[in-house]
Amino acid sequence: MSLLILSIIVQVALIIHVVKTGRNQIWIWVLALLSLPGAIAYIAVEIVPELFRSRTAQRAARGLRKAMDPARELRRYESEARVAGNVASRQRYEEAIGQYREALSGLYEHDPNLMLGLAQAQFGKGDASAARATLDELIRRNPDFRSPAGHLLYARALEAEGNVPKALEEYAVLAPSYPGAEASVRYAQLLQAQGRRAEAQKVARELLEQARIAPGHYRRAQRPWLDAAQRLL
């Protein structure tokens, strides 16, 4: 849990850096989808060369080494989590929410990637209603924006709010095109939870059949979700 929270905080900071410095927007997807490996790649390709061109290179390099080796901070987060449990976790998400709200100003007041990051942090904190409201506003302000991750988050937020019929509708639309197994598995799990076992098994079976002919790297990356689908049969 502590590693997840630390990863979210790093992602938040770097995505904000991408937007505010006008970097190639592809970095946002790299950071969002690859988490820590994406952060390392961004730091190495975009930040390190810039730092070493500055007059404060040595001081910045020391800071970079600290950021690239988060063990110290991770131990502190773990210690806090043991003492405070979910309270510490919520505080970390609160920090991320604060950073996103600060970034959502001026030219970036309605930036869709920053709004999506805010919704993810709100959901991680456990505030599904706030996450869903942020996503509703995101679409209202950016009607052409498309994000599989955002769509999945919207379905999960609806489910967490207890709006099961609407959540099932969103999962049904998303599952066939989602770039991974998670959406289909969550759809099947919710169907089963509603007593619709035959439909749940059909979704899980179709997912597993597609996975059998998919590249090996896909099956390895999706193994936890494919195992979950297998358990539904």
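It should be emphasised that the depicted structure is a prediction, and the values quoted were computed from it without experimental measurement.
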Rounded to the nearest 0.5 Å, how far apart are [atom1] of [X] and [atom2] of [Y]?
X	Y	atom1	atom2	answer
L138	R132	CG	CZ	13.5 Å
S177	R146	OG	CZ	11.0 Å
R156	L135	CZ	CG	12.0 Å
T134	I139	OG1	CD1	12.0 Å

With sequence neighbours excluded, give me every side chain to side chain donor-acceptor pair (under 3.5 Å) pair touching residues 210-222.
none
Taking all heavy atoms of [X] and all of [Y], pick out the closest pair and write down the distance.
X	Y	value
A160	F123	CB-CE1, 4.2 Å
A131	A119	CB-O, 3.4 Å
A175	A183	CA-CB, 4.1 Å

Pairing residues for [X] by the side-chain hydrogen bond (donor to acceptor under 3.5 Å, both in side chains) criterion, not counting sequence neighbours:
X	answer
Q189	none
R197	Q192
E94	K125
R205	none

Who are the salt bridge (charged side-chain N to carboxylate O under 4.0 Å, His left out) partners of E159, not counting sequence neighbours?
none
Contacts of R196 that satisfy salt bridge (charged side-chain N to carboxylate O under 4.0 Å, His left out) - sequence neighbours left out:
E199
Residues joined to V164 in its hydrophobic cluster, side chain to side chain under 4.5 Å directly or through other members, sorted by chain and number, are L152, L168, Y171, L174, Y178, Y187, L190, L191, V203
K202: side chain to side chain contact (heavy atoms under 4.5 Å, CB included) partners, not counting sequence neighbours
E206
Go through the structure and list residues passing side chain to side chain contact (heavy atoms under 4.5 Å, CB included) with L104, not counting sequence neighbours.
L114, M115, L118
Between D136 and Y154, a side-chain donor and acceptor under 3.5 Å:
yes
Salt bridge (Lys or Arg N to Asp or Glu O under 4.0 Å) contacts touching residues 178-192 (sequence neighbours left out)
E182-R186
Return yes if some donor-acceptor pair links the side-chain N/O of S184 with the main-chain N/O of A181 below 3.5 Å, else return no.
no
Hey, is the main chain of D144 close enough, under 3.5 Å, to the side chain of N142 for a donor-acceptor pair?
no
Quick one: do L158 and V173 end up in the same hydrophobic cluster if we chain Ile, Leu, Val, Met, Phe, Trp and Tyr together by side-chain heavy atoms under 4.5 Å apart?
no
What pairs of donor and acceptor atoms, side-chain ones from residues 225-233 against any protein atom, are under 3.5 angstrom apart with sequence neighbours left out?
from, atom 1, to, atom 2, distance (Å)
D227, OD1, R223, NH1, 3.4

